[in-house]
Amino acid sequence: MKKAEITAFLSLVFILTVSFVLGILEVSVIHTTKNLNRLAADRAVFSVFGEYHGKLLEDYHVFAIEGSYGTGEYSDERLIGRMRYYGTAGMEQEITGIQYLTDLNGQAFREQVLQYMEERYGLSLIRDFTGLTSRWEEQAIQGEEMEETEGNILDEVNDLMESAQFPGEDGAADTQENQDTDFADPGTDVISPDSTGMENLTEGGPFTCIDQIEKSGILSVVMPKDMELSGLAIELETQPSARSLNTGKGTFPVRQGTDGVEEKLLFNEYVLKNFSCAVPDEGQSVSTGENEGTESRSLAYETEYILEGKSSDKENLESFLMKLFLVRMALNYVYLMGDSAKQAEVTALAVAVTTALLIPEAAEVLKQLILLAWAAGESVVDIRTLLSGNRTALIKSSDTWQLPLSSLLTLGSGTEQIDGSDVPGGITYKDYQRMFLFLKDPDDINMRVLDRIEENIKTGYGMDWFRTDQCITKIEVKNTSEILGGITYTFPVYFGYE
């Protein structure tokens with residue numbers, strides 16, 4: 001009897017032991033299969049993201065998969081098919097999250113650029129600019145205030161002319177004699193105008209330059225002799241910043257503080273280093289930044305496009321130079337208000353003109369208008385200096401002021417060409433681009449930079465199908481696989497260029 005009990009006990013122990021071992025084996029198989037499926041999915045996603053676009057990385061230091069694979073049409077199925085090719089055959093896969101370069105106004109693109117700039121150059125690149133940002137903002141405000149003033153100068157001159165009293169024929173000789181006396185003031189460099197010039201101060205007078213800008217645009221007076229204006233243009237409606245875009249889905253981690261002062265300065269240095277502008281580097285016809293082969297680009301003045309967003313090089317350059325003109329005009333006007341010698345010159349001219357017009361009470365008004373016109377003329381010379389690749393003084397002095405009052409009378413008439421001279425330690429054209437980039441909305445800059453990247457890859461490498469809103473930077477995939485005896489296992493896989 002006791003032997004039977006022992007036999008039954010040992011049988012039960014054996015059965016339990018075998019069941020336990022088999023259970024452990026089954027659990028091990030399940031977990032091993034899970035891990036193998038995870039490894040297969042991870043390997044497939046990693047392999048797919050290893051197919052990043054080579055030209056995008058080589059030229060612009062940005063990682064992204066071109067999601068259409070050369071077809072121009074993105075689909076989830078094509079991307080899943082690539083993952084199956086790399087080892088996820090037998091799994092059901094669904095893309096639950098995806099991020100493109102253009103999502104959130106180029107947020108993913110901006111994050112990668114900032115990381116590249118921090119690793120490549122560090123914050124030392126922008127150390128000299130961090131203390132200038134408040135000054136840039138002040139200059140921009142002054143330029144905006146000057147815009148209204150500049151637009152009203154000619155109207156005020158015309159109002160002044162309407163109030164003038166012109167003598168009749170009997171007094172013509174006396175008036176002409178007074179003009180000859182008044183305008184021959186030895187204390188000024190002003191050339192005496194004749195009676196015809198008195199009837200319209202904007203023709204051959206101190207307001208000629210402003211009149212020419214109003215009629216023909218800023219480019220008509222600021223272009224250096226040897227500068228050839230680009231005629232290139234693009235179709236704005238086809239650009240990522242203007243067209244309807246593919247948009248991602250899901251939620252991904254976002255870097256905070258991408259629009260801080262240091263981050264904005266770093267991103268702007270990326271723009272200046274990688275895109276061309278109107279002022280040539282030494283030995284080049286157009287500034288090309290760090291990238292070579294820019295002769296095939298659809299725009300020559302890319303930084304101006306990023307700032308202004310217009311369809312042609314001419315429009316972008318004109319729009320940017322007009323803003324620059326107003327900023328320079330405000331600075332130059334402030335200097336003139338503090339220079340007693342130049343104010344004396346202007347006072348002599350204003351008194352002479354208003355006396356000849358028999359409205360001496362308007363001398364002070366005309367003086368202020370001439371001061372504004374002189375500041376505008378000096379600004380024209382400043383821009384010519386900058387477009388020639390030279391430097392101009394940020395704040396003028398008697399030594400760095402370049403336009404005599406006598407030359408203001410012909411500036412803009414086409415009979416002169418004062419290009420200005422280089423000022424050691426002065427400010428350059430790119431310095432002003434750096435300033436305006438900092439003041440621009442970061443979202444606009446992101447998208448216009450992506451416009452240029454897309455255009456340049458299309459035209460430079462013949463990849464007409466390339467679209468930045470099909471360039472994938474992050475992805476999340478839901479994977480479902482059958483493990484054992486109908487048991488299914490669902491798990492996510494995430495990958496992103498960080």
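Computation of the quantities below employed the complete heavy-atom set of this structure, encompassing side-chain atoms and omitting hydrogens, waters and symmetry-equivalent molecules.
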Student: For Y432 and D382, test the side chains for any donor-to-acceptor distance below 3.5 angstrom and give the result as yes or no.
Tutor: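 On atom types as modelled, these side chains do not qualify, holding no pair under 3.5 Å.
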
Student: Go through it in stages, so that I can follow the logic: the residues are F109 and V449, the test is side chain to side chain contact (heavy atoms under 4.5 Å, CB included), and I'd like the CA-CA distance, side-chain angles, deciding distance and then a yes or no.
Tutor: CA-CA 10 Å; F109 169 68; V449 170; 3.5 Å; yes

Student: Which heavy atom of S241 sits nearest to which heavy atom of M447, and what is that distance?
Tutor: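 Smallest heavy-atom distance, with atoms named: CB-CB, 3.8 Å.
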
Student: Between the side chains of E455 and T459, does any donor sit under 3.5 Å from an acceptor?
Tutor: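 No.
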
Student: Could you note down all residue pairs passing salt bridge (Lys or Arg N to Asp or Glu O under 4.0 Å) where residues 97-107 supplies at least one of them, sequence neighbours left out?
Tutor: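 Every candidate salt bridge (Lys or Arg N to Asp or Glu O under 4.0 Å) pair involving residues 97-107 fails, so no pair, neighbours aside, qualifies.
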
Student: Given salt bridge (Lys or Arg N to Asp or Glu O under 4.0 Å), test E454 with R243 step by step and report yes or no.
Tutor: CA-CA 13 Å; E454 181 174 296; R243 69 170 185 251; 2.8 Å; yes

Student: Verify, without hydrogens or angle tests, whether T303 (side chain) and S276 (backbone) share a donor-acceptor contact under 3.5 angstrom.
Tutor: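 Yes, the answer is positive, given that a donor and an acceptor are paired below the 3.5 Å cut-off.
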
Student: Can a donor-acceptor pair be found between the side chains of Y333 and Q368 at a distance below 3.5 Å?
Tutor: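 Q368 and Y333 do have a side-chain donor-acceptor pair below 3.5 Å.
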
Student: Using a strict cut-off of less than 4.0 Å between a Lys/Arg side-chain nitrogen and an Asp/Glu carboxylate oxygen, indicate whether E58 and K55 qualify as a salt bridge.
Tutor: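 Looking at K55 together with E58, the answer is yes, because their closest N to O distance falls below 4.0 Å.
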
Student: Quick test of your reading of the model: are E235 and K458 salt-bridged, counting only N-O distances below 4.0 Å?
Tutor: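 No, no charged N to carboxylate O under 4.0 Å.
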
Student: Salt bridge check: are R448 and D451 linked by an N-O gap of less than 4.0 Å?
Tutor: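 Not counted as a salt bridge, because no side-chain N and carboxylate O are separated by less than 4.0 Å.
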
Student: Got a salt bridge between D339 and K396, using NZ or NE/NH1/NH2 to carboxylate O under 4.0 Å?
Tutor: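 Here D339 does not pair with K396 in a salt bridge, since their nearest N and O are not under 4.0 Å apart.
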
Student: Examine the side chains of T385 and S388 and answer whether a donor and an acceptor come within less than 3.5 Å of each other.
Tutor: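 No.
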
Student: Can you sort out the partners of Y335 under ring-ring contact (aromatic ring centres under 6.0 Å, His included), two or more places apart, ordered by chain and number?
Tutor: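 Residues passing ring-ring contact (aromatic ring centres under 6.0 Å, His included) with Y335: W401.
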
Student: Run the salt-bridge test on E269 and R434 with the 4.0 Å N-O cut-off and return the result as yes or no.
Tutor: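 Salt bridge between E269 and R434, a charged N being under 4.0 Å from a carboxylate O: yes.
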
Student: Can a donor-acceptor pair be found between the side chains of Q115 and E111 at a distance below 3.5 Å?
Tutor: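 The criterion, which ignores hydrogens and geometry beyond distance, is not satisfied for E111 and Q115.
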
Student: Which pair of heavy atoms, one from K440 and one from I445, lies closest together, and at what distance?
Tutor: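 Looking at all heavy atoms of both residues, the closest pair is CB-CD1, 3.7 Å.
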
Student: Taking Y301 for the side chain and S230 for the main chain, is one N or O donor matched with an acceptor at less than 3.5 Å?
Tutor: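 Yes, the answer is positive, given that a donor and an acceptor are paired below the 3.5 Å cut-off.
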
Student: Could you go through R110 and D259, starting from their C-alpha distance and side-chain angles, then the distance that decides it, and tell me whether this counts as salt bridge (Lys or Arg N to Asp or Glu O under 4.0 Å)?
Tutor: CA-CA 10 Å; R110 190 176 185 88; D259 295 339; 3.4 Å; yes

Student: Within the 3.5 Å criterion, strictly below it, is a donor on T473 or Q99 matched to an acceptor on the partner's side chain?
Tutor: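 There is such a pair (donor and acceptor under 3.5 Å, judged by atom type) between the side chains of T473 and Q99.
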
Student: Considering non-hydrogen atoms only, spot the tightest contact between Q239 and Y305 and give its length.
Tutor: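 Here Q239 and Y305 meet closest at CG-OH, 4.0 Å.
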
